[in-house]
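For reference, the structure is listed below as structure tokens.
Sequential numbering from 1 along the given sequence is applied to the chain's residues.
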Amino acid sequence: KNSNHTKHPLILWYYTCQKRVLLNAYLSAQYQELFLLTFLEVFHFFRFFTIPTTMENMDLESKSVNKNFALPVDSQHKATEFRIYSVSSPHMRSFHLSWISFFSCFVSTFAAPPLLPIIRDNLDLTSTDIGNAGIAAVSGAVFARIAMGTACDLFGPRLASSALILITAPAVFLTSITNSALSFLLVRFFMGFSLATFVSTQFWMSSMFSANVVGTANGIAGGWGNLGGGATQLIMPLVFSLIHKIGANQFTAWRIAFFIPALFQALTAYAVFFLGQDMPDGDYAKLHKSGEKHKDSMLDVLYHAVTNYRGWILALTYGYCFGVELTVDNIIAQYFFDRFNVNLHTAGMIAASFGLANLFSRPGGGMLSDIVAKRFGMRGRLWVLWIVQTLGGLLCVLLGKVESLSGSIAVMLVFSVFCQAACGLTFGVVPFVSRRSLGIISGMTGGGGNVGAVLTQVIFFRGSKYSTETGITYMGIMIICCTIPILFIYFPQWGGMFYGPSSKGLTEEDYYMKEWNLKEKENGFHQASMKFAGNSRSERGKKVESAPTPVDGTPNI
């Protein structure tokens, strides 16, 4: 009678029966005990399918739901393990939906570069026209990524991602009817918007996986999505060749070939919408309606993002790892075709090897970030990011200097590993910059990647001011210079590259609670941030001195 189940309707029904004279009069004590034990067994079976009537029963139900997850979870129901071969809902299903949909967008956006020698002759494109189209393809996503971050914060990654993928799919279909340099530029510009799904991918993984594996999840999802940039270098020439052999002339075959990535992209949009789930506990709309999730203000979310300098530094540095990757995806096939006089198919295969390194390089960066963090915490994440990206810059300089075909291919392959690993390492840090404004911080960082790609192509690969090999060398120098600001990233609760945590004894709770005002805390809107702060204490590392855990588990306000 003193348990939390006493107000459950089945228990109340039992006590009503027990009070009846008929039950007490005609059943002996032994049979009454048997009746009670049998009833309790039935109750424990059916209690999972009945609606709780008290807060205690609601707590009990949440614990039972926790047991139904296929993966072990933390206090926010985020998975604490990453099982890549699993497709269990919601964690691993979300992972596979996110990278496949992002992969399809990469295939579509970079479907044109491997066919540029054919498209160039058909549309009479100049080198300036080609450069402008390449810039348009990556510039379209600059503001789209920031907007995507806001949409994820307010509406959830499932709806935001599926809507953008479906909206941009017509641009891929329309590529088949382009007839001028301007129309070609416009379709590439609008196709580029789809690359903003990278933000929803990273946001989704950060919502599904706990601090100890979030770098791995972000790295693999982003890396396998980016793999589309390499896969399309193989897919499009192959599709073009098949259509051409069937009987279509080459100027018709390349147009028909674009229906393949367009259809693929549209199908992934429907898969994300109908099969995906925003968070471990459900979709945003359902959680907002039930009151389990606070519906945040866009202005508040935006304010806490733009006033956090760490997000701006990561946006800059990401511009010269992911931005460089986008640039190489646009220029590398034509570079080998023109400089080393290889045929179209061979140039496509060489270019594909750069993007296909994402199969392991970017995921490897995310895994390396998590591994280093276990021992050295956040300070280890920052150090390994700076080292890997700087080495990538040195390799890029070398790539521009090598004059042989075999040497260029070898250096390009090693460069691709470091460049893409730096992308995975960056998003090993991003989830910890802000809890409340995670979507916009992710969008700012992702948008920085596109800004870097635009600036690099405008400065070095537009027109004939520099040869392509000279542009590649200068691009490597910019990578080294733009990686230096990582040295200035500092978390008061964990420290930075050269300094330990603040002497004021600030905790994770202190850091993340600054994003909420007193009234919001009184209404309990900050509870998710409190749980995240507790789960992020792993960033203190084992070998690095960090802020003490508060005795009562709450920050000083």
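Of the possible polar contacts, none joining the Gln334 side chain to the Pro113 backbone as a donor-acceptor pair under 3.5 Å is found. Of the possible donor and acceptor atoms, none in the side chain of Asn535 sits under 3.5 Å from a partner among the backbone N and O of Ala211. At least one donor-acceptor pair under 3.5 Å links the side chain of Thr175 to the backbone N or O of Val172. Judged by distance alone, with hydrogens and angles left aside, the side-chain atoms of Ser94 form a donor-acceptor pair with the main-chain N or O of Pro90 at under 3.5 Å. Proximity of a side-chain donor or acceptor of Ser108 to a complementary backbone N or O of Cys105 within less than 3.5 Å is not detected. With hydrogens and angles disregarded, no donor-acceptor distance shorter than 3.5 Å links the side chain of Thr232 to the backbone of Gly228. Between the Asn218 side chain and the Gly366 main chain, no donor and acceptor come within less than 3.5 Å of each other. Between the Trp224 side chain and the Ile100 main chain, no donor and acceptor come within less than 3.5 Å of each other. Between the Arg145 side chain and the Gly446 main chain, a donor and an acceptor come within less than 3.5 Å of each other. When atom types are taken as modelled, the side chain of His91 and the backbone of His77 share a donor-acceptor pair closer than 3.5 angstrom.
Nearest approach of Phe103 to Ala231, heavy atoms of both residues: CZ-CB, 3.7 Å. Among all heavy-atom pairs drawn from Leu382 and Ile486, the shortest one is O-CG2, 3.9 Å. Between Leu166 and Pro170, the closest heavy-atom pair is O-CD, 3.3 Å. Shortest non-hydrogen contact noted between Leu71 and Ala79 is CD1-CB, 3.7 Å. Taking both residues in full, the closest heavy atoms of Leu385 and Ala422 are given as CD1-O, 3.5 Å, listed atom of the first, atom of the second, then distance. Taking each heavy atom of Tyr466 and Gly471 in turn, the nearest pair found is CB-N, 4.3 Å.
Between the side chains of Gln202 and Ser442, not a single donor N or O lies within less than 3.5 Å of an accepting N or O. Donor-acceptor pairing under 3.5 Å is recorded for the side chains of Gln265 and Thr168. Counting only N and O atoms by type, the side chains of Asn343 and Thr346 include a donor and acceptor under 3.5 Å apart. Counted by atom type alone, Ser194 and Thr109 present one or more donor-acceptor pairs between their side chains at under 3.5 Å. A donor and an acceptor atom, one from each side chain of Thr327 and Asn330, are nowhere located under 3.5 Å apart. Side-chain N/O atoms of Ser180 and Ser183 include a donor and acceptor closer than 3.5 Å.
When side chains are defined from C-beta on, Leu125 counts as touching Phe184, because their heavy atoms get closer than 4.5 Å. With a 4.5 Å cut-off on side-chain heavy atoms, Thr268 and Leu97 do not count as touching. Between Pro280 and Gln76 there is no side-chain heavy-atom pair separated by less than 4.5 Å. Within the 4.5 Å cutoff, the side chain of Leu316 has no heavy atoms near those of the Ile313 side chain. The side-chain heavy atoms of Asn450 and Leu326, taken from C-beta on, include a pair separated by under 4.5 Å. Under the 4.5 Å side-chain criterion, counting only non-hydrogen atoms from C-beta, Tyr270 is not in contact with Ser162. Two residues are said to be in side-chain contact when any heavy atoms from C-beta on lie closer than 4.5 Å; Leu174 and Phe190 fail this criterion. Residues Ile350 and Leu405 form a side-chain contact, since some pair of their non-hydrogen atoms from C-beta on lies under 4.5 Å apart.
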> Which is it for Trp204 and Phe209 under the side chain to side chain contact (heavy atoms under 4.5 Å, CB included) test, yes or no, and what are the steps along the way?
Replying inline: CA-CA 9 Å; Trp204 209 353; Phe209 294 92; over 6 Å; no

>> Checking Phe173 against Phe259 for the ring pair (Phe, Tyr, Trp, His ring centres under 6.0 Å) test, could you report, in this order, the C-alpha distance in whole Å, the side-chain angles of both residues, the deciding distance, and whether it holds?
In response: CA-CA 6 Å; Phe173 282 107; Phe259 279 84; 5.7 Å; yes

>> Before you tell me yes or no, could you show the steps for Thr252 and Asn249 under side chain to side chain donor-acceptor pair (under 3.5 Å), namely the whole-Å CA-CA distance, both residues' side-chain angles and the distance that decides it to 0.1 Å?
In response: CA-CA 5 Å; Thr252 301; Asn249 65 60; 3.2 Å; yes

>> Quick one, Met236 with Phe258, criterion side chain to side chain contact (heavy atoms under 4.5 Å, CB included). Give me CA distance, side-chain angles, the key distance, then yes/no.
In response: CA-CA 8 Å; Met236 295 306 292; Phe258 271 86; 4.3 Å; yes

>> Under the criterion side chain to side chain contact (heavy atoms under 4.5 Å, CB included), I'd like the reasoning laid out for Leu314 against Ile489: C-alpha separation, chi angles, the key distance, then a yes or no.
In response: CA-CA 9 Å; Leu314 290 171; Ile489 295 179; 3.9 Å; yes

>> Test side chain to side chain contact (heavy atoms under 4.5 Å, CB included) on Phe193 and Val142; report intermediate values, then the result.
In response: CA-CA 8 Å; Phe193 276 70; Val142 172; over 6 Å; no

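Applying the 6.0 Å contact sphere to CZ of Phe143 captures no more than 12 heavy atoms from other residues, nucleotides or ligands.
Within the structure, no pair that satisfies the salt bridge (Lys or Arg N to Asp or Glu O under 4.0 Å) test touches residues 134-144, not counting sequence neighbours. Residue pairs meeting the side chain to side chain donor-acceptor pair (under 3.5 Å) criterion with at least one partner in residues 354-370, sequence neighbours excluded, are Thr216-Asp370, Tyr318-Arg362, Glu325-Asn358, Ser361-Gln420, Ser369-Arg381, Asp370-Arg381.
Taking the ring-ring contact (aromatic ring centres under 6.0 Å, His included) definition, one finds that Phe337 meets it with nothing, sequence neighbours left out. Shown here are the side-chain contact (heavy atoms from CB on, under 4.5 Å) partners of Leu287, two or more places apart in sequence or in another chain: Met279, Asp281, Glu292, Lys293. Scanning for side-chain hydrogen bond (donor to acceptor under 3.5 Å, both in side chains) contacts around Arg120 gives an empty result, with sequence neighbours left out. The side-chain contact (heavy atoms from CB on, under 4.5 Å) search around Leu413 returns Ser353, Ile409, not counting sequence neighbours. By the salt bridge (charged side-chain N to carboxylate O under 4.0 Å, His left out) test, Asp129 is found to be paired with no residue, residues two or more places apart in sequence or in another chain being considered. Under the side-chain contact (heavy atoms from CB on, under 4.5 Å) criterion, Ala147 pairs with no residue, sequence neighbours left out. Contacts of Thr468 classified as side-chain contact (heavy atoms from CB on, under 4.5 Å), with partners at least two apart in sequence or in another chain: Ile331, Tyr335, Phe461, Ile472. Applying the side-chain hydrogen bond (donor to acceptor under 3.5 Å, both in side chains) criterion to Ser434, with sequence neighbours excluded, gives Glu515. By the side-chain hydrogen bond (donor to acceptor under 3.5 Å, both in side chains) test, Thr80 is found to be paired with no residue, residues two or more places apart in sequence or in another chain being considered. With sequence neighbours left out, Ser210 forms a side-chain hydrogen bond (donor to acceptor under 3.5 Å, both in side chains) with Asp74.
Aromatic ring centroids of Phe427 and Phe198 lie under 6.0 Å apart.
Relative ring orientation between His244 and Phe240 is described as parallel, the plane-to-plane angle staying below 30° on a 0-90° scale split at 30° and 60°.
Geometric assessment of Arg158 against the ring of Tyr284 yields a negative cation-pi assignment under the 6.0 Å and 45° thresholds.
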